[in-house]
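Take a look at the following structure, please.
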Amino acid sequence: MTRKIVVIGAGIVGSSIAAQLPEDVAVTVLDHAPTGQLRGSTGRAPGLVGLFNEAPVLTELARASAALYDDLEFNGERAFDRVGGVEVAFTPEAVAKLEERAELAAAAGLPHRLLDAAETVALAPELIDPAHCVRGLHFADDGTARAGIITAALRKRSNARFVDDAAVVGIEIRGNQVSSVRTATESFPADDVVLASGIWGPVTASLVDQQLPLTPVAHPYVHGPQRPRSSAPTPFVRWPEHHAYARDHGARLGLGTYDHTPQPVPLDQLGQHAEQPWPGELFDDAVRRAMELLPAAHRFPIAERLNGVFAMTPDNLPLLGAFPDIAGLWSAVAIWVTAAGGAARGLVELMCDEEPTIPDLDRLRPDRFADQDPSDLETRALRLYRDIYATA
């Protein structure tokens with residue numbers, strides 16, 4: 001009998017899973033959004049794919065993701081460009097941190113280069129102000145992703161049946177095994193069910209009385225006005241000591257910041273989109289501080305403000321793997337674009353009992369916070385917000 005797998009969520013994670021499952025299984029991907037819409041975090045991601053992370057498992061997930069994205073395109077548009085990434089330091093403490101990260105990157109075998117101020121500014125003169133730069137760390141293999149293009153290309157590549165406008169209302173269990181997934185109008189038989197529902201993961205898990213320690217958090221990102229498209233690719237830029245980042249989107253510049261009090265979004269206030277109203281002064285002040293990092297001539301008027309919502313966990317690591325209490329139930333949430341393709345590969349290998357190609361996935365198991373106080377877990381997650389690339 002053909003194995004039936006239902007994936008809940010058709011963003012970049014769910015689509016990556018569908019595209020990498022073997023052809024001899026029947027895959028159905030359900031999503032609450034209408035056809036052509038990405039209502040989750042995928043549709044609002046700034047698209048920075050930095051390969052290096054101080055948690056080795058995240059570095060391996062990012063490497064695998066970038067390799068998957070490299071050859072993807074949809075309707076003639078490339079999904080991923082290896083434009084590189086650069087981290088900028090100004091204070092002695094930040095310089096020392098860059099040097100430490102360079103040593104770790106060398107140990108991980110990632111191409112990188114420590115730069116002086118002039119070399120750093122030359123990589124992205126529109127984004128890096130010489131007055132705020134002493135040293136830089138360049139990662140040549142980093143890239144920028146068009147998450148919507150990646151998702152569309154993976155969806156086309158897969159053999160799965162995608163069902164849009166299909167909000168899940170129930171997951172049926174027989175004995176200790178998943179048996180089907182219900183929407184308001186249809187039931188889908190399932191030997192396995194994968195929760196790839198992003199910020200809505202805890203809501204979906206609660207349908208079978210399971211807990212996922214995931215905290216949805218609001219985050220500001222702004223775009224400048226449209227302009228002539230850049231002639232040469234520009235690395236994305238991070239200022240770790242200022243908790244800010246920027247990228248050239250080609251036809252406009254973008255800027256994001258974590259330099260504000262974290263704003264958790266209660267599960268009952270998520271709505272149907274991974275976006276919240278702009279809160280005003282709190283985000284305005286943070287964006288103003290980030291904008292001052294740019295060269296004065298390239299600080300841009302804000303044409304679009306986005307208050308996007310993404311998922312955080314108490315250790316800044318994904319929740320990936322099997323739920324131990326229910327056979328056939330799997331988690332694939334709290335996963336950013338950077339790690340989505342690799343996380344999908346790792347999960348498929350677990351589900352199909354294949355030889356693992358990504359080490360240390362056990363560190364990501366979804367039950368690693370079992371029996372811990374939910375309010376304490378949320379507090380721990382929010383403490384990591386400003387240092388979003390750190391792990392606990």
request  = Would you check if the side chain of Glu87 reaches a backbone N or O of Gly85 as a donor-acceptor pair within less than 3.5 Å?
outcome  =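 No; zero donor-acceptor contacts below 3.5 Å.
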ask   = Between CZ of Arg305 and CH2 of Trp278, what distance do you get to the nearest 0.5 Å?
value =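 So the CZ of Arg305 and the CH2 of Trp278 are separated by 6.5 Å.
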request  = Test ring-ring contact (aromatic ring centres under 6.0 Å, His included) on His223 and His249 and set out the steps.
outcome  = CA-CA 9 Å; His223 290 278; His249 289 269; 4.9 Å; yes
query = Quick one: OG1 on Thr120 to NE2 on His132, what's the gap to the nearest 0.5 Å?
reply =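 That separation rounds to 14.5 Å.
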query = Any link between Leu317 and Leu51 through a network of hydrophobic side chains (Ile, Leu, Val, Met, Phe, Trp, Tyr) touching at under 4.5 Å?
reply =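 Same cluster.
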ask   = In terms of side-chain geometry, is the basic nitrogen of Asp191 or Arg3 positioned less than 4.0 Å from the acidic oxygen of its partner?
value =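 Salt bridge absent between Asp191 and Arg3.
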ask   = Are any side-chain N or O atoms of Ser331 and backbone N or O atoms of Leu319, one a donor and one an acceptor, separated by less than 3.5 Å?
value =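 Yes.
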request  = State plainly whether the residues Glu292 and Arg288 are in salt-bridge range, i.e. N to O under 4.0 Å.
outcome  =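 The answer is yes: the pair qualifies as a salt bridge.
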request  = Given side chain to side chain donor-acceptor pair (under 3.5 Å), test Asp259 with Thr257 step by step and report yes or no.
outcome  = CA-CA 5 Å; Asp259 189 22; Thr257 176; 5.1 Å; no
query = What do the steps show when you test Phe80 against Asp70 for side-chain contact (heavy atoms from CB on, under 4.5 Å), and what is the final call?
reply = CA-CA 6 Å; Phe80 181 61; Asp70 263 331; 3.6 Å; yes
inquiry  = Does Ile358 form a side-chain contact (heavy atoms from CB on, under 4.5 Å) with Arg63? I'd like the steps, not just the answer.
reply    = CA-CA 10 Å; Ile358 297 172; Arg63 274 176 160 149; over 6 Å; no
query = Quick one: CG on Leu214 to CE on Met312, what's the gap to the nearest 0.5 Å?
reply =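 Answer for the CG-CE pair, Leu214 versus Met312, is 10.0 Å.
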task = Please answer whether the main-chain N or O of Val309 pairs with a side-chain N or O of Glu275 as donor and acceptor at a distance below 3.5 Å.
result =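 Side chain of Glu275 to backbone of Val309: no pair is present.
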ask   = Do you know which two heavy atoms are closest between Pro366 and Leu212, and how far apart they sit?
value =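 Looking at all heavy atoms of both residues, the closest pair is CB-CD2, 4.0 Å.
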request  = Take Arg227 and Glu126 through the salt bridge (charged side-chain N to carboxylate O under 4.0 Å, His left out) test and state the conclusion after the steps.
outcome  = CA-CA 13 Å; Arg227 60 173 196 172; Glu126 280 193 306; 2.9 Å; yes
query = Do Glu119 side-chain atoms and Asp116 backbone N/O form a donor-acceptor pair below 3.5 Å?
reply =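 Looks like yes, one N/O pair under 3.5 Å.
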key: Nearest non-hydrogen partners of Val29 and Gly9, listed with the distance   =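 That closest heavy-atom pairing would be CG1-O, 3.5 Å.
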message = As a quick check of understanding, evaluate side-chain contact (heavy atoms from CB on, under 4.5 Å) for Tyr385 and His260, giving each step before the final call.
response = CA-CA 9 Å; Tyr385 175 78; His260 61 87; 2.7 Å; yes
More than 12 heavy atoms from other groups under 6.0 Å of CD on Gln211 =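 Not more than 12 within 6.0 Å, no.
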ask   = Could you state the interatomic distance from CG (Leu58) to CZ (Phe52), rounded to the nearest 0.5 Å?
value =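 The CG atom of Leu58 sits 10.5 Å away from the CZ atom of Phe52.
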task = Kindly say whether Thr338 contributes a backbone atom to a donor-acceptor pair with the side chain of Ser65 at under 3.5 angstrom?
result =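 Yes, the answer is positive, given that a donor and an acceptor are paired below the 3.5 Å cut-off.
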message = Can you confirm whether the side chains of Arg345 and Thr357 place a donor and an acceptor under 3.5 Å from each other?
response =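 Per modelled atom types, Arg345 and Thr357 side chains form a pair under 3.5 Å.
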query = Can you check whether His243 and Tyr245 have ring centres sitting under 6.0 Å from each other?
reply =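 That pair fails the under 6.0 Å test.
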query = Would Arg135 and Glu99 count as a salt bridge (charged side-chain N to carboxylate O under 4.0 Å, His left out) if you check the C-alpha gap in whole Å, the side-chain angles of each, and the deciding distance to 0.1 Å?
reply = CA-CA 10 Å; Arg135 199 151 197 203; Glu99 292 170 346; 2.9 Å; yes
task = Please lay out, stage by stage, how Ile128 and Val86 fare under the test side-chain contact (heavy atoms from CB on, under 4.5 Å).
result = CA-CA 10 Å; Ile128 303 174; Val86 60; 4.0 Å; yes
inquiry  = With side-chain contact (heavy atoms from CB on, under 4.5 Å) as the test, pick out the partner of Val193 among Val178, Ile5, Val168.
reply    =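 Testing Val193 for a side-chain contact (heavy atoms from CB on, under 4.5 Å) against Val178, Ile5, Val168 leaves exactly one candidate, Val178.
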inquiry  = For Arg252, is there an ion pair with Glu304 - N to carboxylate O distance below 4.0 angstrom?
reply    =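 Salt bridge between Glu304 and Arg252, a charged N being under 4.0 Å from a carboxylate O: yes.
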request  = Say whether, by atom type as modelled, one donor and one acceptor occur between the side chain of Ser206 and the main chain of Asp209 under 3.5 angstrom.
outcome  =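 No, the answer is negative, given that no donor and acceptor are paired below the 3.5 Å cut-off.
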ask   = Do Thr313 and Asp315 meet the criterion of a side-chain donor-acceptor pair at a distance under 3.5 Å?
value =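 Yes - a donor-acceptor pair under 3.5 Å links their side chains.
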ask   = Which heavy-atom pair separates Ser41 from Phe310 by the least distance, and what is that distance?
value =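 Heavy-atom minimum between the residues: OG-CA, 3.7 Å.
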request  = Taking all heavy atoms of Gly11 and all of Leu38, pick out the closest pair and write down the distance.
outcome  =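 Minimum heavy-atom separation between Gly11 and Leu38: CA-CD2, 4.4 Å.
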query = Between the main-chain N or O of Arg161 and the side-chain N or O of Thr28, is there a donor-acceptor pair closer than 3.5 Å?
reply =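 Pair absent, no side-chain N/O of Thr28 close to backbone of Arg161.
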task = Would you check if the side chain of Arg182 reaches a backbone N or O of Ile171 as a donor-acceptor pair within less than 3.5 Å?
result =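 Side chain of Arg182 to backbone of Ile171: no pair is present.
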task = Say whether Val217 and Leu48 are linked into one hydrophobic cluster, either directly or through other cluster members, by side-chain heavy-atom distances under 4.5 angstrom.
result =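 They do share one cluster, since a chain of ILVMFWY contacts under 4.5 Å joins Val217 to Leu48.
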query = Of Arg82, Arg78, Arg157, which is the lone residue that meets salt bridge (charged side-chain N to carboxylate O under 4.0 Å, His left out) with Asp71?
reply =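 The single option meeting the salt bridge (charged side-chain N to carboxylate O under 4.0 Å, His left out) with Asp71 is Arg157.
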task = Considering non-hydrogen atoms only, spot the tightest contact between Leu104 and Glu54 and give its length.
result =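 Result for this residue pair: CD1-CG, 3.9 Å.
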key: Separation between CG of Asp248 and OG1 of Thr144, rounded to the nearest 0.5 Å   =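 Between atom CG of Asp248 and atom OG1 of Thr144 there are 8.5 Å.
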query = Can you find a heavy atom in the side chain of Gln210 that is under 4.5 Å from one in the side chain of Val208?
reply =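 They are in side-chain contact.
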key: Nearest heavy-atom neighbours spanning Arg39 and Trp200   =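 Closest pair (atom of Arg39, atom of Trp200, distance): O-CH2, 3.6 Å.
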query = Taking a hydrophobic cluster as the set of Ile, Leu, Val, Met, Phe, Trp and Tyr residues connected by side-chain heavy atoms closer than 4.5 Å, whether directly or through intermediates, do Leu293 and Val237 fall within one such cluster?
reply =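 Linked within one cluster.
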query = Are Trp330 and Leu61 co-members of a hydrophobic cluster defined by side-chain heavy atoms under 4.5 Å apart?
reply =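 Yes; tracing contacts between hydrophobic side chains, which count when under 4.5 Å, links both residues.
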Heavy-atom check, side chain of Ser15 versus side chain of Phe162, under 4.5 Å =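 Yes - at least one pair of side-chain heavy atoms lies under 4.5 Å apart.
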Tyr69 side chain to Gly341 backbone, donor-acceptor under 3.5 Å =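 Yes, because the side chain of Tyr69 sits within donor-acceptor range (under 3.5 Å) of the backbone of Gly341.
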query = Can you tell me how far NE2 of His138 sits from CG of Leu98, rounded to the nearest 0.5 angstrom?
reply =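 Answer rounded to 0.5 Å: 13.0 Å.
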ask   = Between Thr42 and Thr151, is a side chain to side chain donor-acceptor pair (under 3.5 Å) present by the stated rule, with each step listed?
value = CA-CA 8 Å; Thr42 298; Thr151 303; 5.0 Å; no
task = Output yes when a side-chain donor or acceptor of Arg299 lies under 3.5 Å from a complementary backbone atom of Leu294, and no otherwise.
result =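 Yes; at least one donor-acceptor contact below 3.5 Å.
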task = Examine Leu72 and Val49 and state if one hydrophobic cluster contains both, with Ile, Leu, Val, Met, Phe, Trp and Tyr joined whenever side-chain heavy atoms are less than 4.5 Å apart.
result =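 They do share one cluster, since a chain of ILVMFWY contacts under 4.5 Å joins Leu72 to Val49.
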ask   = So with a 6.0 Å cut-off around CD of Glu23, is the heavy-atom count from everything else above 12?
value =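 Check fails, neighbour count at 12 or below.
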